[in-house]
Amino acid sequence: MHDVVIVGAGPGGSAAAYYLAKQGLDVLLLDKAEFPRDKTCGDGLTPRALKVLEDMNLLAELQEVGWRINGVELHAAHGSIMKAPIPKENGYLDQLLIVPRLKLDDRIRQRALSAGVSFHSPVRVRGVEQEDGHVCIRGDHNGKPAKYEARLAIMAVGANMGMLSQLGILNYKPKTILAARGYYEGVSGLSDRVQAHFQDVPLPGYAWVFPISETAANIGIGFWKTDLPWRKQPPSARAALKLWIDQNAKIKAMLAGAEPLGPIRGYPLRVDFPTAPTYQGRILLVGEAAGLVSPLTGEGIDFALESSRLAGGYISEMFAAGDFSAARLAGYDKMLRDHFQRVFVFLTYLRRVYINPLLMSRAVKATNKFPELKDTLTNILMGHEDAASMITFSAFRKVVFGF
Ligand SMILES: Cc1cc2nc3c(=O)[nH]c(=O)nc-3n(C[C@H](O)[C@H](O)[C@H](O)COP(=O)(O)OP(=O)(O)OC[C@H]3O[C@@H](n4cnc5c(N)ncnc54)[C@H](O)[C@@H]3O)c2cc1C
């Protein structure tokens, strides 16, 4: 009987395992993949993510393998460009790191193992039953049936919505962002800035160029599927990325002498935290399994790490108190809502600006006249907590009316 079994060894699952093992709990981590494994992603670590990784003593080694980013470029649909440094905010670093997931996820998992976590793979979990005072996790280990028991289970299965529906935790079909990415070598015009492009992309959405070296980049696209029949959208994110690369003059020039480093891969993103369930009995959710991905930018590694650190603290206290009552379990949801609900509702609201390319273009244009707006826009993109309070009437007036 373990204290906690965690299903999924992405950033969320491995970080939760690390924080629980540090408190002396017996933790078993399971994943259907053998590690190191890749995960389709833009590979961008925001200042929020770096803060948790620093707390886990992983920052220095990731800075060695990652590509440091000091600024952002926004290329609006109507051609104007904003270039801005990443502001230093409330104890967050003024940088991003781009670390391919093949390396990142394995480093975080290794960190958990060095804190005392046990790891089994490949284990595909097929069901979790709640029994009297414990949970029973069933799956296949190397094709053979496997069974694990624990006082609590954490589901950190990312966008695997089928698993959560099957457990009866998720009883609606969340709206997702469709996203795809490819790696390219020999890309020209890369710098220490990440690029976000709004020209020639299905809106609401954007395309990105995230450098991983002086000459190589992770290039991708993400967009919301619209219900409006008159808005024609590509059938898949992979098709949208191919179309953007073929049509957009800027990316065509950057890729003129470049080679793809493998196929383009697509994957959905869950961004429905404001309405998402976060627990059911003794099963708790962290990261993307709880819909914790920015509805504005699609960044979710940071929220996966943060929610797991919070879960680690909360669950350790439950064990210390020996209290697994319904009220205590419900307190987990309240803790996540207190921490994330406000910023998610705000980011969901702002996403609507994307639908209106004119407003986005105005915002980018306004930053050239009013440089103070650059920090506001960049902070919003970084998902900083206080971004909402930066949208003042004066900022709105500058964007909309230009004075
Ligand atoms: C194209 C794309 C680009 C993105 N770009 C960025 C970015 O630049 N920055 C950023 O912060 N976020 C980005 N994201 C979002 C980010 O990838 C996710 O939010 C993040 O990986 C969530 O972490 P997680 O630990 O919750 O889940 P995941 O990283 O998805 O990990 C889930 C794990 O669970 C395992 N698993 C699933 N089902 C089972 C099962 N039944 N049994 C056993 N194991 C199971 C999987 O194998 C996996 O290892 C992007 C996403 C996409 C699709």
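Worth knowing before you read on, the calculation uses all heavy atoms, side chains too, and leaves out hydrogens, waters and symmetry mates. For ligands, and for the atoms within them, numbers begin at 1 and follow the listed sequence.
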So for ligand 1, is Gly298 a polar contact partner (N or O within less than 3.5 Å, distance only)? yes
With heavy atoms under 4.0 Å as the rule, classify the contact between Lys39 and ligand 1 as side chain, backbone, both or neither. side chain
Students should be able to answer this: which protein heavy-atom is nearest to atom 25 (O) of ligand 1, and at what distance? Gly12 N, 2.8 Å
Show me which atoms of ligand 1 lie under 4.0 Å from any heavy atom of Gly158. 27 (O), 30 (O), 32 (C)
In terms of residue, atom name and distance, what is the protein heavy atom nearest to atom 17 (O) of ligand 1? Arg101 NH1, 3.1 Å
I need the atoms of ligand 1 closer than 4.0 Å to a non-hydrogen atom of Trp208, numbered in the order shown. 1 (C), 3 (C)
Under 4.0 Å to a heavy atom of Phe210 - the qualifying atoms of ligand 1, by number: 8 (O)
Tell me if the CD atom of Gln247 is crowded by more than 12 foreign heavy atoms within 6.0 Å. yes
What protein heavy atom sits nearest atom 31 (O) of ligand 1, and how far away is it? Gly10 CA, 3.5 Å
Please work out whether any backbone atom (N, CA, C, O) or any side-chain heavy atom from C-beta onward of Val157 is under 4.0 Å from ligand 1, and answer side chain, backbone, both or neither. both
Within reach of ligand 1, part of Val123 (heavy-atom separation under 4.0 Å): backbone
Asp323/Arg328 salt bridge by N-O under 4.0 Å criterion: yes
Less than 4.0 angstrom from a charged side-chain N to a carboxylate O is my criterion; do Arg270 and Glu288 meet it? no
Which bit of Leu45 gets closer than 4.0 Å to ligand 1, counting heavy atoms only: side chain, backbone, both or neither? neither
Please work out whether any backbone atom (N, CA, C, O) or any side-chain heavy atom from C-beta onward of Ile301 is under 4.0 Å from ligand 1, and answer side chain, backbone, both or neither. both
Suppose we measure from atom 49 (O) of ligand 1 to each protein heavy atom; which comes out shortest, and what is that distance? Asp31 OD2, 2.6 Å
Give the minimum heavy-atom separation between Ser308 and Ala16, together with the two atoms involved. CB-N, 3.5 Å
When you look for heavy atoms under 4.0 Å from ligand 1, do you find them on the side chain of Met163, its backbone, both, or neither? side chain
With heavy-atom distances below 4.0 Å as the criterion, list the atoms of ligand 1 near Gly287. 26 (O)
Contact between Arg37 and ligand 1, counting heavy atoms under 4.0 Å? yes
Would you say that Val286 contacts Met155 through its side chain, given a criterion of any heavy-atom pair below 4.5 Å between the two side chains? no
Out of curiosity, Leu45 CG to Leu58 CG, how far, rounded to the nearest 0.5 Å? 10.5 Å
Ser121 side chain to Asp31 side chain, donor-acceptor N/O pair below 3.5 angstrom: no
Consider every N or O of Val125 and every N or O of ligand 1, then say whether any pair is closer than 3.5 Å. yes
Looking only at protein heavy atoms, what sits closest to atom 18 (C) of ligand 1 is Glu288 OE1, 3.0 Å
Ionic contact status for Lys334 with Asp338, cut-off 4.0 Å: yes
If you round to the nearest 0.5 Å, how far is OH of Tyr184 from CD of Glu259? 10.5 Å
Would you say ligand 1 has an N or O under 3.5 Å from any N or O of Thr40? no
Is a donor from one side chain sitting under 3.5 angstrom from an acceptor on the other, for Tyr19 and Asp55? yes
Mind checking whether Phe303 contacts ligand 1 via backbone (N, CA, C, O), side chain (CB onward), both or neither, at a 4.0 Å heavy-atom cut-off? neither
Nearest-0.5 Å distance that lies between atom CG in Leu62 and atom CG in Leu50: 8.5 Å
Quick one: are Ile86 and Leu93 in side-chain contact, heavy atoms under 4.5 Å? no
Suppose we measure from atom 5 (N) of ligand 1 to each protein heavy atom; which comes out shortest, and what is that distance? Gly42 N, 2.7 Å
Taking the minimum heavy-atom distance to atom 32 (C) of ligand 1, which of Ser121, Gly266, Gly8, Ala156 ranks first? Ala156
Look at Arg68 together with Asp192 and state whether they make a salt bridge at an N to O cut-off of under 4.0 Å. no
With Asp105 as reference, evaluate Lys39, Arg37, Gln110 under the side-chain hydrogen bond (donor to acceptor under 3.5 Å, both in side chains) test and give the passing residue. Arg37
Give me the residue, atom name and distance of the protein heavy atom closest to atom 1 (C) of ligand 1. Ala179 CB, 3.4 Å
Among Glu129, Arg151, Glu149, the one residue meeting side-chain hydrogen bond (donor to acceptor under 3.5 Å, both in side chains) with His134: Glu149
Look only at interatomic distance and state if Ala304 has a nitrogen or oxygen under 3.5 Å from any nitrogen or oxygen of ligand 1. no
Under 4.0 Å from any heavy atom of Val293, which atoms of ligand 1 are there? 19 (O)
Look at atom 12 (N) of ligand 1 and say which protein heavy atom is nearest, naming residue and atom and giving the distance to 0.1 Å. Gly300 N, 2.9 Å
In this structure, does ligand 1 have an atom that sits under 4.0 Å from one of the heavy atoms of Gly220? no
Hey, are Asp333 and Arg337 close enough for a salt bridge, meaning a charged N less than 4.0 Å from a carboxylate O? yes
Pairing of Asp272 and Lys175 as salt bridge, 4.0 angstrom limit: no
Per-atom contacts, ligand 1 versus Val7 - under 4.0 Å to a heavy atom: 42 (N), 43 (C)
Are any of the N or O atoms of Cys41 closer than 3.5 Å to those of ligand 1? no
Hey, which atoms in ligand 1 end up nearer than 4.0 Å to a heavy atom of Arg124? 42 (N)
Looking at Leu285, Thr297, Leu269, Val286, the heavy atom closest to atom 15 (C) of ligand 1 belongs to Leu269
Find all atoms of ligand 1 within a distance of less than 4.0 Å from any non-hydrogen atom belonging to Asn160, and give their numbers and elements. 37 (C), 38 (N), 39 (C), 41 (N)
May I ask you to establish whether Arg48 and Phe303 are in a cation-pi arrangement, using a distance under 6.0 Å from NZ or CZ to the six-membered ring centre and at most 45° from the ring axis? no
